[in-house]
Number of protein chains: 2
Amino acid sequence: MKQIERRSDCPISLSLDIFGDKWTLLILRDFIFFNNRHFNELVTVEKISTNILADRLNRLLENDIVKKEIDRNNKSSYLYSLTEKGIDLIPIVIEIYKWGANNIDENNANSEFKNEVNSNFSKVTSEIVERIKTTHNNVYKT
Amino acid sequence: MKQIERRSDCPISLSLDIFGDKWTLLILRDFIFFNNRHFNELVTVEKISTNILADRLNRLLENDIVKKEIDRNNKSSYLYSLTEKGIDLIPIVIEIYKWGANNIDENNANSEFKNEVNSNFSKVTSEIVERIKTTHNNVYKT
DNA sequence: AATAGTGCTTGCGAATTACAAGTGCAAATA
DNA sequence: TATTTGCACTTGTAATTCGCAAGCACTATT
């Protein structure tokens with residue numbers, strides 16, 4: 001894996017150096033919407049190749065956006081989960097969902113959820129954040 | 001230019017098929033924050049190469065996110081500007097700004113603007129949207 | 001001891017990117 | 001009128017990255 005070099009100090013440029021590619025935000029979508037947390041679950045993300053997934057997870061680990069722990073329920077497996085910094089990305093992912101649902105034809109958005117996102121963005125977002133925080137804190141308690 | 005093929009019908013996946021790369025959202029940042037609208041202005045975007053810029057602008061044109069018109073003030077030049085669909089992307093770009101400003105070290109965010117974005121996101125966003133709409137409607141009136 | 005599951009890594013051809021240089025056209029200048 | 005300048009790209013090419021298939025190391029199960 002090669003870290004993309006810093007193009008400038010603009011917050012947007014710096015952010016895109018980390019997650020501005022075809023796959024990273026889709027992987028984060030899996031954490032957020034599907035709660036997929038094992039490598040073998042994440043590899044179903046729109047058929048991403050395993051080498052690309054491994055590369056992106058490493059980049060996210062390096063940037064402290066996800067963390068990796070041994071799964072207490074299956075010790076030969078790892079659990080990936082969002083850090084605080086990763087949870088902070090949730091509004092971006094939901095904004096992208098919203099834009100796609102409103103602006104791209106033939107998307108499969110759930111119309112109820114789409115309406116919720118359009119009318120109560122911050123409520124939807126904070127509910128998802130809470131759910132993720134609860135789930136991801138329970139790693140050792142399940 | 002080759003359009004990335006549709007990976008799935010998920011709104012996020014479809015959105016990232018359009019702007020999920022290192023450069024596209026940075027170009028949109030230039031429209032939004034710097035009001036850069038000519039090819040020669042946009043090419044200063046963190047030193048993007050001209051072939052990549054041309055490719056991305058064509059993709060944005062095809063997807064009805066930007067439009068292209070002859071500049072009335074300089075007929076050998078073109079003005080690119082955001083369509084309604086492009087203006088709808090502004091919240092995404094500002095969320096990315098916000099995340100980068102809050103989560104990446106050594107970013108050059110203006111601290112006043114950063115505070116505004118953190119405390120009054122929707123106000124900041126709608127002000128920027130209004131400014132862009134006004135500017136981009138005045139193409140033929142300046 | 002053999003098999004299966006999990007999380008990767010490796011090899012390689014194909015596709016994409018970045019950098020430099022060049023092109024075509026309109027407008028300004030000599 | 002001829003030449004130069006500015007603008008918006010296009011082309012060529014080497015390097016990088018990607019996607020697919022296969023393989024590997026480790027653990028747990030049978």
Side-chain angles (χ1 to χ4, degrees), chain A residues 1-8 13 16-27 30-31 34-62 66-81 139 142, chain B residues 1-8 13 16-27 30-31 34-62 66-81 139 142:
Chain A
M1 180 184 46
K2 195 196 149 199
Q3 186 67 278
I4 294 161
E5 67 186 40
R6 163 181 294 236
R7 288 174 290 183
S8 83
S13 174
L16 294 174
D17 287 344
I18 298 173
F19 58 76
D21 70 284
K22 271 175 65 183
W23 291 111
T24 304
L25 289 168
L26 262 195
I27 296 167
D30 263 39
F31 283 100
F34 306 133
N35 212 35
N36 285 341
R37 298 170 70 197
H38 295 96
F39 193 95
N40 277 351
E41 292 173 327
L42 292 167
V43 86
T44 64
V45 178
E46 268 60 309
K47 286 166 193 156
I48 189 173
S49 328
T50 53
N51 56 345
I52 305 291
L53 177 58
D55 178 273
R56 295 306 186 277
L57 286 173
N58 278 324
R59 176 167 294 163
L60 291 171
L61 283 166
E62 278 187 4
V66 303
K67 57 184 188 291
K68 180 184 183 180
E69 298 153 302
I70 292 172
D71 183 356
R72 282 275 165 104
N73 301 315
N74 177 355
K75 287 190 183 172
S76 65
S77 181
Y78 295 100
L79 268 178
Y80 289 91
S81 52
V139 175
T142 47
Chain B
M1 182 183 44
K2 195 196 149 199
Q3 185 66 280
I4 295 160
E5 68 186 39
R6 163 182 296 236
R7 287 174 290 183
S8 85
S13 174
L16 295 174
D17 287 344
I18 299 173
F19 58 75
D21 70 284
K22 270 174 65 183
W23 291 110
T24 305
L25 288 168
L26 261 196
I27 295 168
D30 262 41
F31 282 101
F34 307 133
N35 211 37
N36 286 340
R37 298 169 69 197
H38 294 95
F39 193 96
N40 276 352
E41 293 173 327
L42 293 168
V43 88
T44 64
V45 177
E46 270 58 313
K47 287 168 192 154
I48 190 174
S49 331
T50 54
N51 57 344
I52 304 292
L53 177 58
D55 179 273
R56 295 306 186 277
L57 286 173
N58 278 325
R59 176 167 295 163
L60 290 170
L61 283 165
E62 278 187 5
V66 303
K67 57 183 189 290
K68 180 184 183 180
E69 300 154 301
I70 291 171
D71 183 356
R72 282 277 164 101
N73 302 315
N74 177 356
K75 287 191 185 172
S76 65
S77 180
Y78 295 100
L79 268 178
Y80 290 91
S81 52
V139 176
T142 48

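A, B, ... follow the sequence lines: proteins, then strands. Residue 1 opens every chain. All values reported here derive from a predicted model rather than from experimental measurement.
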Residue whose nearest DNA chain D nucleotide is more 5′ - A:Asp21 or A:Lys75: A:Asp21

Any donor-acceptor N/O pair under 3.5 Å between C:dT9 base and A:Thr50 side chain: yes

Selection from D:dC9, C:dC19, D:dC7 that lies nearest to any side-chain heavy atom of B:Lys68: D:dC9

Contact under 4.0 Å: A:Trp23 side-chain N or O vs D:dC18 OP1/OP2: no

Nearest-angstrom distance from the residue atom CG of A:Asp71 to P of C:dG7: 8 Å

Length of the CD1-C1' vector between B:Ile52 and C:dA15, whole Å: 12 Å

Integer-rounded Å distance: D:dC9 P and B:Leu60 CG: 13 Å

A:Ser77 vs D:dT27: side-chain N/O to OP1/OP2 distance below 4.0 Å: no

Given C:dA26, C:dC8, D:dT27, the nucleotide with the shortest approach to the side chain of B:Ser76: C:dA26

Euclidean distance, atom CZ of residue B:Phe39 to atom C1' of C:dC25 [Å, nearest integer]: 15 Å

B:Glu41 CD to D:dA8 C1', straight-line distance once rounded to whole Å: 13 Å

Under-4.0 Å side-chain N/O to phosphate OP1/OP2 contact, B:Tyr80 with D:dC9: yes

Under-4.0 Å side-chain N/O to phosphate OP1/OP2 contact, A:Lys22 with D:dG19: yes

Pairwise side-chain contact, B:Trp23 with B:Glu46, heavy-atom cut-off 4.5 Å (strictly under): yes

B:Asn73 CG to C:dA27 C1', straight-line distance once rounded to whole Å: 15 Å

Between P of C:dC8 and CG of A:Leu57, the distance in whole Å: 7 Å

cation_pi(A:Lys68, A:Tyr78) dist<6.0 Å, angle<=45: yes

Side-chain heavy atoms of B:Tyr80 within contact of B:Leu61, under 4.5 Å: yes

Nucleotide nearest A:Ala54 (side chain, heavy atoms from C-beta), chosen from D:dA8, C:dT9, D:dT10: C:dT9

Side-chain touch B:Lys47/A:Arg7, heavy atoms, less than 4.5 angstrom: no

Any B:Arg56 side-chain N or O less than 4.0 Å from OP1/OP2 of C:dT17: yes

Whole angstrom value for the distance that separates P of D:dA25 from OH of A:Tyr78: 15 Å

B:Asn74 vs A:Asn51, nearer the 5' end of DNA chain C by closest nucleotide: A:Asn51

Closest heavy-atom pair and its distance - B:Ile27, B:Leu53: CD1-CD1, 3.7 Å

Side-chain N,O (B:Asn40) to OP1/OP2 (D:dC7) below 4.0 Å: yes

